A.B. asks: 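Before we start, here is the structure in question, set down as structure tokens.
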Protein chains: 2
Amino acid sequence: MAKRKLDQTPRFADMLAAMGSEPRLRIVRLLLATHPTGAKAGDIQAELGIPSSTLSHHLEKLRNEDLIAMRRDGTSLWYTANVDVLRELLSFLYAECCTRSQVIAVEEILSACNS
Amino acid sequence: MAKRKLDQTPRFADMLAAMGSEPRLRIVRLLLATHPTGAKAGDIQAELGIPSSTLSHHLEKLRNEDLIAMRRDGTSLWYTANVDVLRELLSFLYAECCTRSQVIAVEEILSACNS
DNA sequence: TCTGTATTTCTACTAGTATCGAAATATATG
DNA sequence: CATATATTTCGATACTAGTAGAAATACAGA
């Protein structure tokens with residue numbers, strides 16, 4: 001087994017933690033549902049009924065983990081899901097699946113949702 | 001859009017939160033790697049270098065979310081990953097992917113790792 | 001430039017989570 | 001039944017995260 005260049009576990013753990021709260025998971029799902037257009041902060045706030053300051057806090061956390069991206073359009077800020085990063089996360093989870101007991105290739109985790 | 005029977009979001013958020021800490025993510029990956037045999041608590045402890053009381057705490061949390069299962073064999077407790085539940089989680093994440101903008105079927109998320 | 005709208009940053013409080021040594025429990029074996 | 005091994009439960013501490021009202025910032029339009 002070759003030496004790992006860099007352990008990605010802490011990074012993916014942080015990503016999972018970022019999605020591991022009900023409001024943030026709802027946000028991510030909303031952005032997946034509206035992908036690739038995304039949604040304005042105000043829309044998210046209206047749909048999920050979260051106070052704007054709290055919402056901003058959550059969006060920042062998701063953005064820190066690179067799970068979502070932001071772009072400005074006038075006074076509105078649009079948020080979109082980073083589906084590539086999400087795919088990366090799922091691949092990581094299953095990358096070592098069963099490697100020590102039986103050989104099962106786990107390729108092509110997801111090919112939907114073109115970014 | 002039909003009325004939802006029950007909102008699964010809190011449950012899946014808890015599952016993500018359970019995997020959203022570095023030691024627990026390592027545990028899950030170790031159990032995936034050794035699936036379907038699994039590993040004894042002592043083996044996990046040795047491999048990850050976590051004090052037994054701390055490890056026990058983490059294992060309990062993962063078990064509460066049904067991400068792993070436990071069975072006793074003599075004085076040893078064996079833990080295994082619940083790959084079905086993990087698959088369910090991945091499906092949930094992508095279930096509504098792009099539904100509001102373009103129609104992309106997201107079936108067959110994962111067919112590897114037969115439980 | 002003044003006004004309104006969209007969103008973030010500041011500040012503070014509360015509650016939950018991670019950690020681990022020590023003691024307790026469960027099982028097996030001589 | 002006494003002892004050894006495997007693992008959990010107890011208890012205590014330190015840290016981290018979620019929440020939201022109020023103030024600040026960014027942009028657009030008259």
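Residue numbering restarts at 1 for every chain, and letters A, B, ... go by the order of the sequence lines. Quantities reported herein were computed from a predicted structural model and do not represent experimental measurements.
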A.B. asks: With a 4.0 Å limit, can you tell me whether A/Y79 has a side-chain N or O closer than that to the phosphate oxygens OP1/OP2 of C/dA6?
C.D. replies: no
A.B. asks: Does anything in residues 52-69 of chain B come within less than 4.0 Å of DNA chain C? Heavy atoms only, and list the residues if so.
C.D. replies: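 Correct list: B/S53, B/T54, B/H57, B/H58, B/K61.
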A.B. asks: Regarding B/D14 and B/R11, does a basic nitrogen lie under 4.0 Å from an acidic carboxylate oxygen?
C.D. replies: no
A.B. asks: CZ of B/R71 versus C1' of D/dT7: gap in Å, rounded?
C.D. replies: 16 Å
A.B. asks: Send over the distance from A/Q45 CD to D/dG21 P, rounded to a whole Å.
C.D. replies: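 In whole Å, D/dG21 P and A/Q45 CD are 11 Å from each other.
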A.B. asks: Check this for me, if you would: do A/R26 and B/D7 make a salt bridge, where the nitrogen-to-carboxylate-oxygen distance has to be below 4.0 angstrom?
C.D. replies: yes
A.B. asks: Decide yes or no for B/T80 and B/L31: does some side-chain heavy atom of the first lie under 4.5 Å from some side-chain heavy atom of the second?
C.D. replies: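 In short, these two side chains do not touch, never coming nearer than 4.5 Å.
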A.B. asks: Over how many whole Å does the gap from B/W78 atom CH2 to D/dT5 atom C1' extend?
C.D. replies: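 My rounded result for the distance is 16 Å.
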A.B. asks: I need the CG-C1' distance between B/L77 and C/dA28, as an integer number of Å.
C.D. replies: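 Interatomic distance, CG of B/L77 to C1' of C/dA28: 14 Å.
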A.B. asks: Within this structure, what is the CE-to-P distance between A/M70 and C/dA6, rounded to whole angstrom?
C.D. replies: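 Roughly 16 Å, once rounded to whole Å.
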A.B. asks: What nucleotide, of C/dC20, D/dT7, C/dT27, holds the atom closest to the side chain of B/S76?
C.D. replies: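 The nucleotide sitting nearest to the side chain is D/dT7.
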A.B. asks: Without decimals, in angstroms, what is the distance between B/D73 CG and D/dA6 P?
C.D. replies: 13 Å
A.B. asks: Calculate the interatomic distance between B/I50 atom CD1 and C/dT19 atom P; express it in whole Å.
C.D. replies: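 For the pair B/I50 CD1 and C/dT19 P, the rounded distance is 8 Å.
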A.B. asks: Got a donor-acceptor contact below 3.5 angstrom from the A/R24 side chain to the B/A13 backbone?
C.D. replies: no
A.B. asks: Please give me the minimum heavy-atom distance between A/A18 and A/L62, naming the atom from each residue.
C.D. replies: O-CD2, 3.8 Å
A.B. asks: Is any side-chain N or O of B/R24 closer than 4.0 Å to OP1 or OP2 of C/dA18?
C.D. replies: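 Yes, B/R24 has a side-chain N/O under 4.0 Å of OP1/OP2 on C/dA18.
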A.B. asks: Using a cut-off of strictly less than 4.0 Å, decide whether A/R72 has a side-chain nitrogen or oxygen near OP1 or OP2 of D/dC27.
C.D. replies: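 Checking A/R72 against D/dC27: at least one side-chain N or O falls below 4.0 Å of OP1 or OP2.
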A.B. asks: Is it the case that B/R29 places NZ or CZ above or below the six-membered ring of A/F92, under 6.0 angstrom from the centre and within 45 degrees of the axis?
C.D. replies: yes
A.B. asks: Can you tell if the side chain of A/I44 reaches within under 4.5 Å of the side chain of A/I50, non-hydrogen atoms only?
C.D. replies: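 They are not in contact (no side-chain heavy atoms under 4.5 Å apart), so the answer is no.
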A.B. asks: Can you tell me the distance, in whole Å, between the CD1 atom of A/I27 and the C1' atom of D/dG18?
C.D. replies: 12 Å
A.B. asks: Specify the residues of residues 8-22 of chain B, ordered by number, for which at least one heavy atom lies under 4.0 angstrom from an atom of DNA chain D.
C.D. replies: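 Residues of residues 8-22 of chain B under 4.0 Å from DNA chain D: none.
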A.B. asks: Is a donor on one side and an acceptor on the other found under 3.5 Å between the side chain of B/T34 and the backbone of B/L30?
C.D. replies: yes
A.B. asks: So which of A/R63, A/K40, A/R71 actually passes side chain to side chain contact (heavy atoms under 4.5 Å, CB included) with A/Y79?
C.D. replies: A/R63
